[in-house]
Amino acid sequence: MTTPVRVRFAPSPTGYLHIGGARTALFNWLFARRHNGVFILRIEDTDRTRSTDEYIQAIMDGMTWLNLDWQEGPYRQTDRFDTYRGFAERLIQEGKAYYCTCSPEELEERRQQAFTEGKSPMYAGRCRERLLKPAEPAAVRFRMPREGQTVVQDLIKGPIVFDNSVLDDIVILRSDGTPTYNFVVVADDIDMKITHVIRGDDHVNNTPKQIHIYEAFGWEVPQFAHLPMILGSDKARLSKRHGATSVTAYRDMGYLPDALVNYLVRLGWAFGDQEVFTRDELIQHFSLENIGQSAAVFNPEKLLWLNSQYIINSSPEALAEAVLPHLKQDGTVAETAQIDMAWLGKAAYSLRERSKTLVEMAAQMHYYIADEIAIDPKAREKHLKSESLEMLSAVRMMIEAAPDVSAVVIEPLIHTMATAKGLKLGALAQPLRVALTGGTASPGIFEVMEIMGKDLVMKRLAKALGG
RNA sequence: GGUCCCAUCGUCUAGUGGCCCAGGACGUGGCCCUCUCAAGGCUAAAACACGGGUUCGACUCCCGUUGGGACUACCA
């Protein structure tokens, strides 16, 4: 029997869930699903000055929106300080860690000096052999080996070799008794029986240090998989400078969570030539071996295209649900209004091929819903001039007389009228379109009328014809 | 500075020594379709960073150069 897969996403709540974090979470989630494993959410908040509860909530909101559900957690490291102290105690007793009374100021000074001298700014090991007793205040450092090599067997990058001489005696307990990151990760990963550590490759240099801590506890080292970073268009690490990096910002801009997931997974991972995947396909095909080793540039245009694909392939029901919040957001629909969702679905569905985002869709939907619309001056100039108005007037009378404005009723009538007057369909359709929608671009004009219904159509025509 | 990682079209990538004068996708140009705008179809331009090896044969393996990136805290 093989041990069950247990993976974790371990963000620090010093900001919202950003694109890079979301992808790390996604890959962990996918890996867990693929292997019927457990996905754990762990909040790394040992830096109490920068961590906030608001950010913890924001991270969970982002994951929930993306449908990345976790089976355990959220665990908070600040709730587990006693556990860490126990772990540290063990290392001290076994001589694998030691007290250090060097002052931060002194250390910082030495660091700066080493830097200017072009030397490695490592801890020189003043207290390493001093066998200090517990003192106040004293930090606790981990005793790293000074000789030999450590090999990180990375599932994505292959073996990575480090000389142990470059490994610092890191602080595991600050002088105030709180534990630090490199120590806590290992303690937690041991405690939570993590089998695979999938994280950003900004952690590779920490990995050999962590391996020695695992070994100090006599624990089997988990498998590592270090994901390449996501870069901005200037190839620098993705940051706020590059525009929206918060996952929830994409929700607000009208992106579908599945589209963002699809985009994110393709950033670094590929399955032959396939571009669009369902969740099930992703789970079925996902594997760490197919992840590339080089950093990827975030490309908003491709994300936009994927979003449009997901919108095109959505059902009317799904579109109605998805677009409604945006209609309320931009005021087209009152917050408390009762909406006919079947009708809304039909309206949204008609716009699916011309809306790259739900925000765009909501904006266009305005002419289906609003009482009054503004007619674009240029469109009026071009399509609502004298002879067009006369034709439109004729059309109005024809529609007035029709039993309803469904496409099956109106379309043949308009075609007949065009033929009778020796006109192309466009000569009637464009003035009609401008009168009904206020602009020159819309879904097929017969579809538009059917969705608007006779009352609204007649109202718009009357308005356009000046009375 | 030190350590580590990376290098195929503008971008995401396929490619695991011969299938490649390099395939797909986004974006860009052209054409078709058409009541508008889209969507869709067809099509064009566009890449193996450079230099050495290894090999009968390198995009693929090795070394170096160059260029990017990450880490280098009593941050995570």
Side-chain angles (χ1 to χ4, degrees), chain A residues 10-14 44-47 49-51 77 100 102-104 107-108 111 114-123 137-141 152 154 156-157 160-163 165-168 170-176 178-182 184-185 200-208 226 228-229 231 233 235-237 263 266-276 292-306 308-309 312 351-356 364 379 383 411 414-415 418 424-430 432-434 437 439-446:
Chain A
S12 69
T14 53
E44 311 231 319
D45 56 351
T46 51
D47 183 351
T49 57
R50 294 198 303 149
S51 303
Q77 294 182 325
C100 172
C102 300
S103 75
L107 255 19
E108 179 58 23
R111 237 168 58 80
F115 233 110
T116 50
E117 286 172 11
K119 282 191 255 173
S120 230
M122 280 178 55
Y123 177 63
V140 176
R141 286 183 184 271
V152 177
D154 194 273
I156 293 172
K157 295 173 190 290
I160 306 170
V161 182
F162 293 85
D163 278 331
S165 61
V166 306
L167 270 25
D168 221 339
I170 55 167
V171 168
I172 60 175
L173 249 38
R174 300 183 182 97
S175 36
D176 67 1
T178 61
T180 62
Y181 166 75
N182 276 108
V184 179
V185 200
D201 74 3
D202 46 340
H203 289 286
V204 287
N205 287 300
N206 289 326
T207 309
H226 286 101
M229 305 258 83
L231 275 22
S233 51
K235 306 237 175 175
R237 190 177 178 152
Y263 178 71
R266 283 285 290 104
L267 223 46
W269 179 84
F271 184 72
D273 285 339
Q274 191 172 345
E275 294 287 350
V276 182
Q293 350 217 298
S294 50
V297 174
F298 184 81
N299 183 300
E301 278 80 36
K302 188 158 182 178
L303 169 59
L304 192 59
W305 171 78
L306 261 171
S308 72
Q309 293 300 303
I312 286 171
L351 293 167
R352 75 192 189 286
E353 283 172 355
R354 48 216 112 213
S355 311
K356 289 185 188 298
Q364 294 179 83
H383 296 289
E411 189 162 1
I414 299 270
H415 273 284
K424 291 211 271 188
L425 184 58
L428 292 179
Q430 273 310 77
L432 200 44
R433 172 169 286 113
V434 173
T437 70
T440 55
S442 83
I445 196 62
F446 305 113

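A note on names: the letters A, B, ... follow the listed sequences, proteins ahead of strands, and every chain is numbered from 1.
- A salt bridge is absent between A:R141 and A:D168; no separation between the charged side-chain nitrogens and carboxylate oxygens falls under 4.0 Å.
- Pair assignment for B:G1: B:U72, on the basis of Watson-Crick or G-U wobble contacts that are both within less than 3.5 Å.
- Of the C1' atoms belonging to B:A46 and B:A39, the separation is 25 Å, rounded to the nearest Å.
- With distances taken from any side-chain atom of A:E353 to the nucleotides B:A14, B:A76, B:A38, the minimum falls on B:A38.
- A straight line from CG of A:L304 to P of B:A38 spans 14 Å, rounded to a whole angstrom.
- Rounded to whole Å, the separation between the P atoms of B:A14 and B:A70 comes to 22 Å.
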field: nucleotides 1-6 of chain B: protein proximity per nucleotide (B base, S sugar-phosphate only, - neither; heavy atom, under 4.0 Å)
entry: BSBSSS
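- For A:I312, the listed nucleotide lying nearest its side chain is B:A39; candidates were B:A70, B:C74, B:A39.
- A:R266 has its side chain out of reach of A:Q274: every pair of non-hydrogen atoms, C-beta onward, lies at least 4.5 Å apart.
- Across the interface with RNA chain B, nearest-nucleotide mapping of A:W269 and A:S355 shows A:W269 to be the residue nearer the 5′ end.
- Separation of the C1' atoms belonging to B:C50 and B:U66 is 7 Å when rounded to the nearest angstrom.
- B:A76 atom C1' lies 10 Å from atom CZ of A:R237, rounded to whole Å.
- Contact check for A:W305 versus A:L303: no side-chain heavy atoms found under the 4.5 Å cut-off.
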query: If the sugar-phosphate is the primed atoms plus P, OP1 and OP2 and the base is the rest, what is the B/S/- string for nucleotides 18-37 of chain B, using protein heavy atoms under 4.0 Å?
result: -----BBBS--------BBB
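- A:D168 comes within 4.0 angstrom of no nucleic acid atom, judged by non-hydrogen atoms across all strands.
- Regarding A:I172, its CD1 atom lies at a distance of 16 Å from the C1' atom of B:A73, rounded to whole Å.
- Under the Watson-Crick or G-U wobble criterion, with both distances below 3.5 Å, B:A45 is left unpaired in every strand shown.
- Ion pairing of A:E301 with A:K356 is absent here, as no side-chain N (NZ or NE/NH1/NH2) approaches a carboxylate O to less than 4.0 Å.
- Within the nucleic acid shown, A:N182 comes within 4.0 Å of at least one base atom, counting heavy atoms only.
- Going from atom NE2 of A:H226 over to atom CG of A:D202 covers 8.0 Å, rounded to the nearest 0.5 Å.
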task: For the pair A:D47 and A:Y181, evaluate side-chain contact (heavy atoms from CB on, under 4.5 Å) and give the outcome as yes or no after the intermediate values.
output: CA-CA 9 Å; A:D47 183 351; A:Y181 166 75; over 6 Å; no
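- Scanning atom types as modelled, no donor and acceptor separated by under 3.5 angstrom connect the side chain of A:D45 and the base of B:A76.
- Counting only heavy atoms from C-beta outward, the side chains of A:P228 and A:S294 never approach each other to under 4.5 Å.
- Straight-line distance from the CD atom of A:E44 to the P atom of B:A76: 9 Å, rounded to whole Å.
- Remark: B:A58 base-pairs with no nucleotide; criterion is Watson-Crick or G-U wobble with both hydrogen-bond distances under 3.5 Å.
- Residue A:H226 is out of contact with every strand shown, counting any heavy-atom pair closer than 4.0 Å.
- Here the separation of B:G53 from B:C42, taken at their P atoms, is 45 Å to the nearest Å.
- B:C20 and B:U60 have their C1' atoms separated by 11 Å, given to the nearest Å.
- Within the 4.0 angstrom heavy-atom criterion, no nucleotide atom of any strand lies near A:C100.
- Within the 4.5 Å cutoff, the side chain of A:V171 has no heavy atoms near those of the A:C100 side chain.
- The separation between A:D154 atom CG and B:A70 atom P is 18 Å, rounded to whole Å.
- Comparing the P positions of B:C61 and B:A44 gives a spacing of 31 Å, expressed to the nearest Å.
- Projected onto RNA chain B by closest heavy-atom contact, A:A139 and A:G268 fall at different nucleotides, the more 5' of which corresponds to A:G268.
- Across all strands shown, B:A7 pairs with B:U66; the Watson-Crick or G-U wobble distances both stay below 3.5 Å.
- Looking at heavy atoms from C-beta onward, A:L267 lies out of side-chain contact with A:V297 at the 4.5 angstrom threshold.
- With 3.5 Å as the limit, one finds a donor-acceptor pair spanning the side chains of A:S355 and A:Q364.
- Looking only at side-chain heavy atoms (C-beta outward), A:T46 and A:T178 stay at 4.5 Å or farther from each other.
- Taking atom C1' in both B:C56 and B:C71, one finds a spacing of 45 Å when rounded to whole Å.
- Across every strand in view, B:U34 sits unpaired, with no contact that passes the Watson-Crick or G-U test at under 3.5 angstrom.
- The minimum heavy-atom distance linking A:S442 with A:R433 is given by the pair OG-NE, 2.8 Å.
- Going from the C1' atom of B:A76 to that of B:G18 covers 49 Å, rounded to whole Å.
- In this structure, A:G439 reaches neither bases nor backbone, as no heavy-atom distance under 4.0 Å exists between it and the strands shown.
- Across all strands shown, A:S175 has heavy atoms under 4.0 Å from base atoms, whether or not it also approaches the sugar-phosphate.
- To the nearest angstrom, C1' of B:A73 lies 11 Å from CG of A:N206.
- For the pair A:M122 CE and B:U72 P, the computed distance is 13 Å after rounding to whole Å.
- Comparing B:U13, B:A76, B:C74 by their closest approach to the side chain of A:Y181 singles out B:A76.
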